[in-house]
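These values consider heavy atoms only, across backbone and side chains, with no hydrogens, waters or symmetry-generated copies. Numbered from 1 within each chain, the chains take letters A, B, ... in sequence-line order.
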Amino acid sequence: MNLRIATRDAYGEALVEIGSQNEKIVVLDADLSKSTKTSRFAAVFPERFFDMGIAEQNMMGTAAGLAAAGKIPFASTFAVFATSRVMDQVRNSIAYPKLNVKIAATHAGITVGEDGASHQSVEDLALMRAVPNMAVIVPADAVEARAAVRFAAQYQGPVYLRLGRPKVPVIFDEGYQFSFGRPTVVKDGGEVAVFATGIMVGVALEAAGILKDQGVDCRVLNVSTLKPVDPVALVEGARGCRAVVSAEEHSIIGGLGSLVAEAFGEHRPLPLRRVGIPDVFGQSGAPGELMEYYGLTPEAVARAAREAVEMAARL
Amino acid sequence: MEGNDYSGLKEKANIIRQHVIQMTAEAGSGHPGGSLSVVDILTALYFQVMMVRPEDPRWPDRDRFVLSKGHAAPALYATLAERGYFPVDELKTLRKLGGRLQGHPDMGKVPGVEASTGSLGQGLSMAVGMALAGRLDGRGFRVFALLGDGEIQEGQVWEAAMAASHYGLDNLVAFLDYNGLQIDGPVSSVMAPEPVREKWEAFGWHVVEIDGHDIGQILGAVETSLKQKGCPSMVVAHTTKGKGVSFMENEVDWHGKAPDREQAEKALRELRAL
Ligand SMILES: Cc1ncc(C[n+]2csc(CCOP(=O)(O)OP(=O)(O)O)c2C)c(N)n1
Ligand SMILES: [Mg+2]
């Protein structure tokens with residue numbers, strides 16, 4: 001499919017949709033509403049939109065208060081400023097009391113591009129996964145992003161929704177159903193299972209094509225919920241496969257790679273290769289160049305899958 | 001020495017503005033508006049006020065400058081290059097993969113960059129730390145910092161403001177780039193910081209208000225600030241976002257968008273005609 005839509009655009013669109021269905025939806029932003037696309041909601045429901053200025057900690061605390069008083073706040077800014085910048089407000093004001101705040105973080109990962117490391121979140125999933133009560137959702141495309149926003153609006157409790165800046169291929173058709181807490185198979189295959197999240201799902205599907213040409217039968221799974229996840233269900237997703245790969249636009253520490261390693265390590269040890277950012281900060285560059293530089297390409301995923309299969313053969 | 005018309009410094013500022021346009025155009029992204037508004041302050045500091053040794057950028061007694069509003073990196077890089085910290089030719093590598101001139105300043109990469117900034121609201125705290133260290137070590141260096149008027153919405157700025165006056169840091173002079181705009185619109189309509197002067201005064205700072213594009217006033221403000229004993233100083237610099245380029249001036253859209261080739265040419269023609 002050639003259609004490309006940024007998940008942040010899908011978010012902005014979905015906000016207007018849920019806002020018109022539910023009066024309790026309120027939206028907060030921290031001087032980035034044009035970039036996060038909350039400006040769309042602001043244009044339609046100005047009285048339910050609060051620009052909190054460049055003050056993310058206060059935004060999170062205010063969102064907690066709104067939720068405590070019965071509203072369903074969606075708080076948005078770039079992923080770096082929605083996580084590490086406000087970690088204690090998220091932990092103590094939102095997650096600990098299990099308040100109904102939705103943190104919709106855009107410009108996640110390295111595909112922020114030219115702004116560089118200060119604006120690229122390579123650790124946001126690790127941080128959010130570690131916080132009790134927090135649900136962590138990473139849509140793979142615009143269709144899933146819209147579904148995830150609808151899901152978050154009706155789910156009771158704090159949610160971290162990870163969205164991206166660039167236009168990315170649309171993978172799912174409108175018949176798609178959001179599956180909370182369970183990986184879904186997006187391409188079947190029997191030898192090696194690639195667990196991917198976010199924009200790496202599309203990349204993994206391309207990798208599967210490369211692998212097919214090389215005689216490797218690869219399954220691709222979309223892990224759009226990083227938490228809560230039933231580890232047994234996750235492991236079952238690789239049933240019949242000899243090896244597994246994780247693929248994420250995030251550090252290999254603490255995100256999907258860790259989730260997969262934890263689940264398989266405890267429930268069904270299998271050779272594993274993790275594709276992700278190797279515990280370094282990002283840097284300035286065009287998004288495509290950075291994906292190449294950090295090895296987040298179909299070729300790199302295919303190579304990791306072959307290595308995992310070879311490792312299995314040696315065991 | 002400069003004559004009273006500061007023609008040398010003005011010329012330097014104009015060259016730096018031209019670099020800002022060329023760099024962001026070449027990069028295809030970046031922040032021209034907030035870079036152009038701080039050029040005169042940077043020029044006055046680096047070419048008149050600050051004691052630095054570009055050939056020995058880590059000289060322990062150097063004056064320090066912290067660009068807290070890190071998105072004005074193009075203006076800082078252009079100033080540092082013109083001051084001799086690295087070749088002017090390198091400016092065209094702004095925001096390019098593998099280069100030193102990251103989208104936001106990286107103190108580990110660029111000679112002359114004193115603090116890694118980009119996440120707003122953090123620079124003044126680092127400046128406070130430098131000023132405390134300077135005093136502890138009995139060194140006479142001064143610390144300068146530059147903040148945006150949207151940036152002061154961050155709570156950390158006021159934590160730093162409290163600390164600076166609590167510790168009586170008279171070796172610290174901060175500038176507020178009071179250009180009236182942030183990303184979502186005018187600062188006064190997004191999250192009004194007014195009254196700015198009274199806030200800093202209430203936090204124990206000596207405050208001077210100036211035209212931030214008037215080199216004489218900038219130099220005068222630094223001079224009176226450095227004479228203060230026992231308190232930090234804030235220079236509230238009234239500025240114009242996009243200063244020097246007619247179609248960028250006071251336009252919120254030019255916050256974070258690079259000029260295309262044609263726009264860059266037009267901007268450069270205007271600047272060269274000044
Ligand atoms: C903590 C943080 N939040 C948000 C941003 C995104 N951002 C970059 S510049 C900017 C607006 C800055 O406005 P101001 O301080 O007035 O700067 P200027 O007008 O001088 O460009 C914002 C919100 C950021 N860099 N850091
Ligand atoms: Mg401003």
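More than 12 heavy atoms of other residues, nucleotides or ligands lie within 6.0 Å of CZ in F86(B), so this atom counts as buried by the packing criterion. Counting heavy-atom neighbours within 6.0 Å of E23(A) CD, excluding the residue itself, gives a total of 12 or less. Within a 6.0 Å radius of CD in E292(A), other residues, nucleotides and ligands contribute 12 heavy atoms or fewer. For F247(B), the CZ atom is densely surrounded, since the number of other residues' heavy atoms within 6.0 Å is greater than 12. By the 6.0 Å contact criterion, CD on E198(B) is enclosed, its count of non-hydrogen atoms from other residues, nucleotides or ligands being greater than 12. Heavy-atom neighbours of K167(A) NZ from other residues, nucleotides or ligands within 6.0 Å: at or below the threshold of 12. Within 6.0 Å of NZ in K257(B) there are more than 12 heavy atoms belonging to other residues, nucleotides or ligands. Heavy-atom neighbours of R91(A) CZ from other residues, nucleotides or ligands within 6.0 Å: at or below the threshold of 12.
The greatest number of non-hydrogen atom pairs below 4.5 Å with chain A, out of M191(B), E151(B), R95(B), is found for R95(B). When the candidates V190(B), L94(B), V157(B), L97(B) are compared by the number of heavy-atom contacts under 4.5 Å with chain A, L97(B) comes out ahead. Chosen from A117(A), A55(A), G113(A), A286(A), the residue pairing most often with chain B at heavy-atom distances under 4.5 Å is A55(A). Across V80(A), L32(A), N58(A), the residue that shares the most heavy-atom pairs under 4.5 angstrom with chain B is L32(A). Options G150(B), S189(B), G185(B) differ in how many heavy-atom pairs under 4.5 Å they form with chain A, and the most are formed by G150(B). The most heavy-atom pairs under 4.5 Å with chain B, out of D51(A), D29(A), I54(A), come from I54(A).
Residues of residues 101-112 of chain B lying under 4.5 angstrom from chain A, judged on non-hydrogen atoms, are Q102(B), G103(B), H104(B) by number. Contacts from residues 113-131 of chain B to chain A, taken as heavy-atom pairs separated by less than 4.5 Å, involve T117(B), G118(B), S119(B), L120(B), G121(B), Q122(B) in sequence order. Along residues 24-31 of chain B, the residues that come nearer than 4.5 angstrom to chain A, judged on non-hydrogen atoms, are S29(B), H31(B) in order of number.
Under the rule for a ring pair (Phe, Tyr, Trp, His ring centres under 6.0 Å), the partners of F203(B) that lie at least two apart in sequence or sit in another chain are W158(B).
Here the straight-line distance linking atom OG of S33(A) with atom CD1 of I183(B) works out to 9.0 Å at 0.5 Å rounding. Atom-to-atom distance recorded for R100(B):CZ and Q283(A):CD is 14.0 Å, nearest 0.5 angstrom. Put simply, CD on Q156(B) and CD on Q57(A) are 7.5 Å apart, with the number rounded to the nearest 0.5 Å.
Looking at F78(A), neither its backbone nor its side chain comes within 4.5 Å of chain B, counting heavy atoms on both sides.
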Checklist line | R85(A)/E154(B) under side chain to side chain contact (heavy atoms under 4.5 Å, CB included): CA gap, chis, key distance, verdict | finding: CA-CA 11 Å; R85(A) 181 60 179 241; E154(B) 288 285 2; 3.1 Å; yes
